[in-house]
Amino acid sequence: MRRDLCDGVGIARLLNATLVLPKFEVAAYWNESSGFADVFDVDYFIQQMNGFIKVVKELPSDISSKEPFHVDCSKRKGQFDYIESVLPSLLEHHYISITPAMSQRRDRYPQYAKASLCQACYSALRLTKSLEKKASELLEAIPKPFLSLHLRFEPDMVAYSQCEYPDLSSASMEAIEAARGDRKPWTGEVAQIWRKRGKCPLTPNETAFILQVLSIPTNTNIYLAAGDGLMEIEGLTSVYTNVFTKSSLLSGEDFKSMHGNTKAALDYYVSINSDSYIATYFGNMDKMVAAMRAFNGLYKTLFLSRRAFAEFTFQGLRGKELMNALRKAHRDDFAMGRGSALPDCFCEFKL
C-alpha cells in the first residue's frame, strides 16, 4: 500500500493532477474494510505534500457521483508513457483511477516528480497518533538489542508460490491445500527449475539453519514480523528460543481489536527501527523496509538467498560444504538496500 501510494504521488505530479486519498482494495489485502485514515495520519500527509502535489480527502461534488475512468498503468515505465498515454484520458474524463505499475523506472522521472515521490515515501507518510503510540509501546517491550525477522511461510503464501514441501506436517499440508484453489503445484523438472530460481519460500527450519550458518547466536532476541497462521514455526523456535511476536507482547484485548492493516503497520514500524533486519523473501514489505532503513542510515539489512539455498541443495551439498557455500553466498549482502532492494536510490538525500 505504501509503495502504490508513493507511485501514485509520482504519477499525479507527472500529470499535474490532484490526488484523491486512495481507498484500499479489500480483496487485495486482508478482507477488511479499513481505510487510509485508519492507518495513516491524513492531515499530516496533506500538509507535508503541500507544494509538491495537491491532495484532497474527497471528490468535488460535481464528479463524486461518477465512476472514474480506469487506466491500466501496469506496463507504464516512465515519464513519456504517462504523458502520451495517460494524460489524454485525464484531460478527457477529468477523473481517472489507475492500476499501479509494477515495473516503473522512477529513476527516469524528472526531478520534480522524483522529489514528490520521495517526499511521500520518506517524509509524509506516518501512522496515526494512536497507532504510532501502540507501535512505540511494542518496540519498547522487545528486549534489546534485537533482530527483526520477516518470515513468510503462511498457507496462502506457499500456495501462491506453487511449490511443494513433502516433509511438512499433515496440518500444514491440509492448510496449504485449502489455500491452493486453482494454483496447483509445479511437478517434475519444472518444479526443480522453479525452486532453483528462488521462487520457493524458506521454511522456518531452513531459515534457522541459514541463521546459524551466518553465526547468529541462538540466544539472539528475535522479533517475528509475520502474519497470522505462520506454519512450522517450531523449526525456528526450537533453535532460537528468544522469539517474540505481537501476540506475546501486546495484551489480548489490544491484539483482538487489530485488523490486518494495523498489524502489518506495527511490523513495519518495528522493522525500520530494529537493530538489524533479515527477510526470508523479497516482497513489497521487505523492499520498503530496506529502503527506509537505508534512508535513515541503518545498514544491517539482509535478504536470505532462496536461490542459493536451492542451488546448493540440488548440487547435493550437505553439512560443512553446504554451510561454507551459504556463508560465502551471503558474505557481501549486508548492505544499505543492495541492488533492487533500494529502487528509489535517487531518494538517498533527505529533502
Side-chain angles (χ1 to χ4, degrees), residues 1 3-4 25-32 72 74-75 99-104 149-211 224-236 260 263-264 267 278-290 302-318 322 325-326 329-330 333 339-341 343:
M1 288 183 286
R3 183 209 65 194
D4 290 348
E25 291 185 10
V26 174
Y29 300 104
W30 292 283
N31 193 27
E32 59 181 62
D72 185 358
S74 58
K75 295 183 180 179
T99 299
M102 300 297 289
S103 58
Q104 288 197 65
L149 176 66
H150 190 211
L151 182 58
R152 298 301 314 272
F153 205 70
E154 305 90 352
D156 58 339
M157 181 68 181
V158 176
Y160 182 81
S161 74
Q162 296 182 271
C163 298
E164 280 199 301
Y165 296 85
D167 298 327
L168 301 184
S169 67
S170 57
S172 295
M173 296 293 282
E174 289 174 8
I176 294 168
E177 283 303 313
R180 280 203 192 278
D182 296 331
R183 283 185 172 272
K184 301 304 178 185
W186 299 114
T187 58
E189 187 178 348
V190 175
Q192 292 185 12
I193 294 171
W194 192 247
R195 186 172 287 275
K196 281 184 177 181
R197 289 178 178 174
K199 300 295 185 179
C200 298
L202 291 170
T203 68
N205 184 61
E206 292 166 347
T207 300
F209 177 75
I210 299 177
L211 295 182
L224 197 58
D228 299 332
L230 199 62
M231 302 182 298
E232 308 288 318
I233 189 59
E234 298 81 9
L236 174 72
K263 289 178 183 178
D267 284 342
I278 291 181
T280 64
Y281 209 71
F282 190 54
N284 292 319
M285 162 100 166
D286 308 308
K287 295 172 186 176
M288 295 299 291
V289 168
L302 178 67
F303 297 95
L304 301 187
S305 177
R306 305 182 305 281
R307 177 176 292 184
F309 184 83
E311 184 64 42
F312 296 148
T313 52
F314 269 114
Q315 290 175 14
L317 299 186
R318 297 289 184 272
L322 177 59
L326 285 170
H330 289 89
D333 281 355
S340 56

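Since the model is a prediction, treat every value here as computed from it, not as a measurement.
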Stepwise side chain to side chain contact (heavy atoms under 4.5 Å, CB included) check, T280 with D286:
CA-CA 9 Å; T280 64; D286 308 308; over 6 Å; no
Report task. Take I176 and M231, measure what side chain to side chain contact (heavy atoms under 4.5 Å, CB included) needs, and give me the verdict at the end. Result -> CA-CA 10 Å; I176 294 168; M231 302 182 298; 3.7 Å; yes
Correct closest heavy-atom pair for Q162 and K184 would be NE2-O, 3.0 Å
CG (L304) and CD (E206) are apart, to the nearest 0.5 Å, by 10.5 Å
To the nearest 0.5 Å, atom NZ of K287 lies from atom CZ of F303 at 9.0 Å
Worksheet item: Side chains of R183 and Y160: does their closest heavy-atom pair fall under 4.5 Å?
Response: yes
Output for pair (R195 CZ, W186 CH2), nearest 0.5 Å, gives 14.0 Å
Those residues at least two apart in sequence (or on a different chain) that pass ring-ring contact (aromatic ring centres under 6.0 Å, His included) with Y165 are F153
In terms of heavy-atom contacts, A308 and A329 come closest through CB-CB, 4.0 Å
Of all heavy-atom pairs linking F312 and A325, the shortest is CE1-O, 3.4 Å
Polar side-chain atom of D4 near backbone of M1 as donor-acceptor pair, under 3.5 Å: no
Within the 4.5 Å heavy-atom criterion, are S305 and H330 side-chain neighbours or not?
yes
SG of C163 to CZ of R306, rounded to nearest 0.5 Å, is 9.0 Å
Heavy-atom nearest pair, A208 first then G235, reads CB-O, 3.6 Å
Correct closest heavy-atom pair for Y281 and K199 would be OH-O, 4.1 Å
Are side-chain N/O atoms of S172 and E232 paired as donor and acceptor at under 3.5 Å?
yes
Intermediate values then yes/no, side chain to side chain contact (heavy atoms under 4.5 Å, CB included), E189 and I193
CA-CA 6 Å; E189 187 178 348; I193 294 171; 4.2 Å; yes
message = Under a plain distance cut-off of 3.5 Å, with no hydrogens placed, do E164 and T187 share a side-chain donor-acceptor pair?
response = no
Nearest heavy-atom approach of H150 to A225 is CD2-O, 2.8 Å
Taken to the nearest 0.5 Å, the spacing of L326 CG from L317 CG works out to 8.5 Å
Would you check, one step at a time, whether the test side chain to side chain contact (heavy atoms under 4.5 Å, CB included) holds for I278 with T207? CA-CA 10 Å; I278 291 181; T207 300; over 6 Å; no
Here the gap from L202 atom CG to I210 atom CD1, rounded to the nearest 0.5 Å, amounts to 4.5 Å
Residues at least two apart in sequence or cross-chain that pass salt bridge (Lys or Arg N to Asp or Glu O under 4.0 Å) with R180, listed by chain then number, are E177
Original post:
Taking the side chain as C-beta and beyond, is there a heavy-atom pair between N205 and D167 under 4.5 Å?
Top reply: no
